[in-house]
Novice: 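After the structure tokens below, expect a handful of questions from me.
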Protein chains: 2
Amino acid sequence: MAVDRSHVLTAAAALLARRPTSSMDEIARAAGIGRATLHRHFAGRDALIRALEQLGIEQLTHALDAARLDEGAAPDALRRLVAEAEPVAGVLAFLFTENQLFEGEGINEGWTRLDARIHALFRRGQEEGDFRIDLGAAWLTEAFYGLIGAGAWAVHDGRVARNDLTHSIAELLLGGARRSMEK
Amino acid sequence: MAVDRSHVLTAAAALLARRPTSSMDEIARAAGIGRATLHRHFAGRDALIRALEQLGIEQLTHALDAARLDEGAAPDALRRLVAEAEPVAGVLAFLFTENQLFEGEGINEGWTRLDARIHALFRRGQEEGDFRIDLGAAWLTEAFYGLIGAGAWAVHDGRVARNDLTHSIAELLLGGARRSMEK
DNA sequence: CCTGAATGAGACAATTGCGTCTCACTCGAT
DNA sequence: ATCGAGTGAGACGCAATTGTCTCATTCAGG
């Protein structure tokens with residue numbers, strides 16, 4: 001009977017990512033609940049978006065923890081990160097594309113912290129000689145988000161198999177499209 | 001005096017990409033014109049989105065033509081494509097993320113054609129041994145769009161220098177983050 | 001079998017945005 | 001200087017959405 005808050009938010013993210021102008025009613029239907037119930041759990045559209053942001057921060061934080069970014073070689077850590085972040089891709093894709101959140105009040109501090117951790121991973125990889133230095137760590141961080149998002153949509157639209165997603169994202173991010181000669 | 005249609009659409013794309021719920025008034029202001037004038041040129045919000053889609057198709061088509069995807073090695077062709085597509089990144093980023101366009105009526109045929117051409121480029125690269133085959137051409141196509149979009153936003157938000165954008169996108173797409181041993 | 005919390009459906013007013021119109025103004029061309 | 005097309009500002013009614021409320025129903029636990 002009790003509504004699964006996380007499930008509602010996930011459904012909302014999936015819908016809003018592809019149709020940001022969806023009404024509260026459409027969001028409720030997508031989550032399989034009534035509009036009244038949706039309003040009981042989230043005061044309004046704004047509150048829903050905030051909750052979505054909060055969920056994304058929590059889940060990505062958890063993914064970062066689970067990936068143990070400081071351990072082992074940077075490329076392996078990145079692979080773990082992609083694997084851990086993939087289930088959260090839907091929510092992340094929405095949050096990455098919709099910056100409407102950040103108006104007036106500055107960017108949520110939580111994001112700054114998460115960005116910094118991912119940024120640090122790429123920087124470590126560069127310092128240890130595993131990652132190239134002609135691509136800035138900031139750009140690699142952005143590219144990470146972009147590929148996570150693109151992957152989530154590609155799976156959602158049936159253009160990429162879910163099973164391949166983690167490998168596709170991680171390998172493209174690490175090795176690119178070009179066929180490598182060595183190894 | 002005459003309103004620059006292309007300029008209005010570009011401004012609209014830039015705004016809508018980051019704030020899809022923007023009102024017609026906000027869009028008009030962002031383009032530096034009045035709401036009445038906006039309505040004179042585009043019958044309504046739908047017409048505006050359609051025009052945006054049409055502009056994106058035209059510009060990307062032009063970019064694909066200019067990049068001469070069939071000539072030379074696939075990696076070089078991809079580099080040319082990124083260079084040609086980069087100025088259109090803002091519009092593409094919006095269209096890539098907002099699939100609200102395609103409801104009821106199928107996906108615009110123009111996109112199918114463009115997708116096919118990019119897809120063919122990656123396939124050619126794979127067949128000629130320049131691109132790895134463990135990543136599907138469909139995924140590489142999606143990744144191309146995703147990185148173009150991520151790049152556009154990163155530049156817009158000041159996280160990446162515009163001058164580096166083409167290089168950053170093309171090199172990441174081609175070679176990934178990992179430092180290559182050979183070469 | 002009760003009881004109560006939670007839900008879905010619907011009604012309701014208030015708000016918001018949309019599309020159209022009018023009117024005064026600006027600017028370029030004649 | 002005059003004319004006319006194009007524009008911005010604002011008003012207006014209309015449709016859609018929002019947020020709140022009520023009420024009947026459902027379901028879990030005692």
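Predicted, not measured: the structure shown is a model, and the values here were computed from it. All values below were derived from every heavy atom in this structure, side-chain atoms included, with hydrogens, water molecules and symmetry-related copies excluded. Sequence lines set the chain letters: A, B, ... in the order given, protein chains first and strands last, and positions in each chain run from 1.
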Novice: Rounded off to whole Å, could you give me the CD1-to-C1' distance for the Ile27(A) and dT17(D) pair?
Specialist: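 Taking CD1 of Ile27(A) and C1' of dT17(D), I get 11 Å after rounding.
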
Novice: May I have the distance from Asp25(A) (atom CG) to dA9(C) (atom P), rounded to whole angstrom?
Specialist: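 Result: 10 Å.
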
Novice: Given atom CD1 of Ile33(B) and atom P of dA5(D), what is their separation to the nearest angstrom?
Specialist: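 Value for this atom pair: 20 Å.
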
Novice: In whole angstroms, how far is the C1' atom of dG8(C) from the CZ atom of Arg29(A)?
Specialist: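 For the pair Arg29(A) CZ and dG8(C) C1', the rounded distance is 8 Å.
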
Novice: Between Met24(B) and Leu38(A), which residue's closest nucleotide on DNA chain C lies nearer the 5′ terminus?
Specialist: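 The residue closer to the strand's 5' end, by nearest nucleotide, is Leu38(A).
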
Novice: Reckon Arg5(B) has a side-chain N or O less than 4.0 Å from the OP1 or OP2 of dG6(D)?
Specialist: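 No.
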
Novice: OP1 or OP2 of dT7(D) less than 4.0 angstrom from a side-chain nitrogen or oxygen of His41(B), does that happen here?
Specialist: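 Checking His41(B) against dT7(D): at least one side-chain N or O falls below 4.0 Å of OP1 or OP2.
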
Novice: Has the side chain of Arg40(A) got a donor or acceptor that lies under 3.5 Å from a partner of the other kind on the base of dG19(D)?
Specialist: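 It does not, because no donor-acceptor pair links the side chain of Arg40(A) to the base of dG19(D) below 3.5 Å.
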
Novice: Output yes when Glu171(B) and Arg79(B) qualify as a salt bridge under the 4.0 Å nitrogen-oxygen rule, no when they do not.
Specialist: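 A salt bridge links Glu171(B) with Arg79(B).
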
Novice: Quiz question: going by heavy-atom distance under 3.5 Å, is there a donor-acceptor pair between the base of dG19(D) and the side chain of Arg35(A)?
Specialist: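 Side chain to base: pair found, below 3.5 Å.
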
Novice: Does Arg29(B) pair with Asp25(B) as a salt bridge, N-O distance under 4.0 Å?
Specialist: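 Looking at Arg29(B) and Asp25(B), the cut-off is met.
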
Novice: If only side-chain N and O atoms of Arg45(B) are considered, is one of them under 4.0 Å from the OP1 or OP2 phosphate oxygen of dG17(C)?
Specialist: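 No, no such contact exists.
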
Novice: Give the rounded distance in Å between these two atoms: NE2 of His39(B) and P of dT22(C).
Specialist: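 After rounding, the reported distance stands at 16 Å.
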
Novice: Taking the basic N atoms (NZ, or NE/NH1/NH2) and the acidic carboxylate oxygens, is any pair closer than 4.0 Å for Arg68(A) and Asp76(A)?
Specialist: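 The answer is no: the pair does not qualify as a salt bridge.
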
Novice: Do the two ring centres, one from Phe96(A) and one from Trp153(B), sit under 6.0 Å apart?
Specialist: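 Yes, they do, as the ring centres are separated by less than 6.0 Å.
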
Novice: If you compare every side-chain N and O of Thr37(A) against the phosphate oxygens of dG8(C) (OP1, OP2), does one of them come in below 4.0 Å?
Specialist: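 It does, given that an N or O in the side chain of Thr37(A) lies less than 4.0 Å from OP1 or OP2 of dG8(C).
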
Novice: Would you kindly compare Ala36(B) and Ser22(A) by the position of their nearest DNA chain D nucleotide and give the one closer to the 5′ end?
Specialist: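 Nearest nucleotide further toward 5': that of Ala36(B).
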
